[in-house]
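In this chain, numbering begins with 1 at the start of the sequence shown.
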Amino acid sequence: MNESGEIKYHEQDGYPDKPAKRTQEEHEWVNQTRRFAKFYVYRQRGYETVDPLSNPDRIVTAAMAIANLPADTFEDYFGEFYQQMRHDAGEAAPVVEVPDLPPVTVPRVEQDIYLGLDQTDTAALLEDLIADGALEAVVRTVEQATDSGGLVSRIQQTFASDEEIDTSSVAETFSEGVIEAIGPVTIRWANGDRDEAVTGESDGAVPDRHPDARPQMFGRAYQFDDLEDFRHSLVRHLCCQVRDCYITMGIAPPEDVRIQGPGFYDHIGWYSNHDFYQDYHDPQATITDWHEQHTPDDAYDLSGLLEST
């Protein structure tokens with residue numbers, strides 16, 4: 001593999017070398033291998049080889065930050081997203097008008113999230129959080145939280161793993177320092193073999209680069225009574241995307257990320273249509289395989305990433 005994450009060649013005897021001779025399952029095995037190779041180089045060497053929006057570390061960082069935002073800041077960032085979701089459920093006026101679509105079409109609500117991870121203080125804090133396991137602990141916190149009011153306080157407690165960190169100040173510093181910008185609400189839907197989109201107006205400029213996270217939610221899949229309930233759903237949804245990153249690399253997610261529910265929109269079809277994937281997107285499904293048997297011992301090793309930061 002080169003430094004850009006492209007695989008030049010590899011030797012194996014598990015499937016045909018010529019793509020035209022592979023089964024659908026064998027094609028996905030190859031894709032899993034490519035995804036994991038890029039992830040491994042990123043984790044062990046610190047190169048930006050992981051495809052944009054598929055980096056589990058960045059997505060879970062966004063989830064942690066969102067969970068800790070002050071209520072007024074969260075509403076400033078995601079209030080229109082919340083309103084559009086309420087519209088999808090038939091309970092509010094739309095922020096973004098969508099043309100009449102066929103009944104079978106499922107439009108999804110998206111919003112780009114940009115993280116300011118180039119700031120020295122934030123990067124140093126992120127190292128501590130990764131080393132202490134706090135980024136993965138947020139997933140367990142969301143899974144256990146049954147009341148929206150207790151969600152943020154539980155997540156703030158995960159920062160207490162280091163006695164030298166002031167828990168009361170870290171949550172605010174982390175959340176408001178990490179999130180650099182939020183893009184406008186976008187509605188996207190499938191139209192044959194391509195996607196169509198309608199984008200709302202943005203209150204400010206967004207960075208000229210790929211976003212670090214992009215929630216993809218649709219109203220009929222979630223239930224929430226207020227903005228704090230929506231925050232819980234949003235954080236959990238991003239945690240499900242983290243799960244998807246690992247599953248589609250063919251390895252088991254860390255145990256704290258083994259939760260069920262819709263994550264990446266495209267993955268719902270993969271899980272539904274590929275026999276070698278189970279219904280991870282379905283909260284009611286019985287999951288018997290998290291791909292532990294294919295997971296290398298050092299799959300979660302962050303040492304290379306921390307050394308390169």
Are the side chains of His294 and Phe36 in touch, meaning some heavy atoms are under 4.5 Å apart?
-> no
Co-membership, hydrophobic cluster, residues Phe224 and Phe218, 4.5 Å side-chain = no
Quick one: does His237's side chain have a donor or acceptor within less than 3.5 Å of a partner on Gln216's backbone?
-> yes
Taking atom NE2 of His210 as the centre, report whether more than 12 heavy atoms of other residues, nucleotides or ligands fall under 6.0 Å from it.
-> no
Answer yes or no: is there a donor N or O on one side and an acceptor on the other, between the side chain of Arg58 and the main chain of Asp212, under 3.5 Å?
-> no
Separation of Leu101 CG from Glu196 CD (nearest 0.5 Å) = 9.5 Å
Measure the CG-OH distance between Asp226 and Tyr82 for me, rounded to the nearest 0.5 Å.
-> 6.0 Å
Trace of the side chain to side chain contact (heavy atoms under 4.5 Å, CB included) decision for His87 with Val109 | CA-CA 11 Å; His87 168 71; Val109 185; over 6 Å; no
Got more than 12 heavy atoms from elsewhere within 6.0 Å of CD, Gln293?
-> yes
Yes or no on side chain to side chain contact (heavy atoms under 4.5 Å, CB included) for Ile179 and Leu69, after CA distance, side-chain angles and deciding distance?
-> CA-CA 10 Å; Ile179 296 181; Leu69 285 173; 4.0 Å; yes
Give, for atom CZ of Arg236 and atom CD of Gln241, the distance between the pair rounded to the nearest 0.5 Å.
-> 13.5 Å
Give the cluster check for Phe276 versus Tyr280: same hydrophobic cluster or not, with ILVMFWY residues linked at side-chain heavy-atom distances below 4.5 Å.
-> yes
Does the side chain of Tyr265 come within less than 4.5 Å of Asp195's, by heavy atoms?
-> no
Going only through I, L, V, M, F, W and Y residues with side-chain contacts under 4.5 Å, is there a path from Leu53 to Ile247?
-> no
Closest approach of Ala197 and Thr186, non-hydrogen atoms and distance?
-> CB-CG2, 4.1 Å
Check the pair Val60 / Met64 against side chain to side chain contact (heavy atoms under 4.5 Å, CB included), numbers first and verdict last.
-> CA-CA 6 Å; Val60 80; Met64 175 75 83; 6.0 Å; no
Short side-chain to backbone donor-acceptor contact, Arg35 and Thr248, under 3.5 Å | yes
Pair Gln111-Phe78, side chain to side chain contact (heavy atoms under 4.5 Å, CB included): steps then yes or no | CA-CA 9 Å; Gln111 193 164 18; Phe78 298 102; 3.6 Å; yes
Which pair of heavy atoms, one from Leu115 and one from Glu180, lies closest together, and at what distance?
-> O-OE1, 3.8 Å
Mark yes when over 12 heavy atoms from residues, nucleotides or ligands other than Asp225 sit less than 6.0 Å from its CG; otherwise mark no.
-> no
Once you round to the nearest 0.5 Å, how far does CD of Gln278 lie from CG of Asp289?
-> 5.5 Å
Is the shortest heavy-atom distance from the side chain of Pro99 to the side chain of Val198 under 4.5 Å?
-> yes
Around atom CD of Gln223, are there more than 12 heavy atoms of other residues, nucleotides or ligands at under 6.0 Å?
-> no
Atom of Ile113, atom of Ala62 and distance for their closest heavy-atom approach = CG2-CB, 4.4 Å
Are Asp282 and Tyr271 linked by a side-chain donor-acceptor pair shorter than 3.5 Å?
-> no
Mind checking the OH-CH2 spacing from Tyr246 to Trp290? Nearest 0.5 Å is all I need.
-> 13.0 Å
Phe74 CZ to Phe81 CZ distance, which is reported to the nearest 0.5 Å = 9.0 Å
Within-4.5 Å side-chain heavy-atom neighbours: Ile59 and Phe264 | yes
Over all heavy atoms of both residues, which pair between Pro215 and Leu234 is shortest? Give the atoms and the distance, please.
-> CB-CD1, 3.6 Å
Taking every non-hydrogen atom, the tightest pair across Gly183 and Tyr114 = N-CE1, 4.3 Å
Do His291 and Tyr277 have side chains that get closer than 4.5 Å, going by heavy atoms?
-> yes
Note, Pro184 side chain near Glu80 side chain (heavy atom, < 4.5 Å) = no
Between Tyr222 and Tyr77, is there a shared hydrophobic cluster once you connect ILVMFWY residues whose side-chain heavy atoms come closer than 4.5 Å?
-> yes
Kindly give the heavy-atom pair with the smallest separation between Cys245 and Ser54, and that separation in Å.
-> SG-O, 3.4 Å
Determine, for Asp51 against Arg34, whether the closest basic-nitrogen to carboxylate-oxygen distance falls under 4.0 angstrom.
-> no
Heavy-atom check, side chain of Val242 versus side chain of Pro253, under 4.5 Å | no
Is there a path of hydrophobic side-chain contacts, each under 4.5 Å between heavy atoms of I, L, V, M, F, W or Y residues, that connects Trp189 with Ile268?
-> no
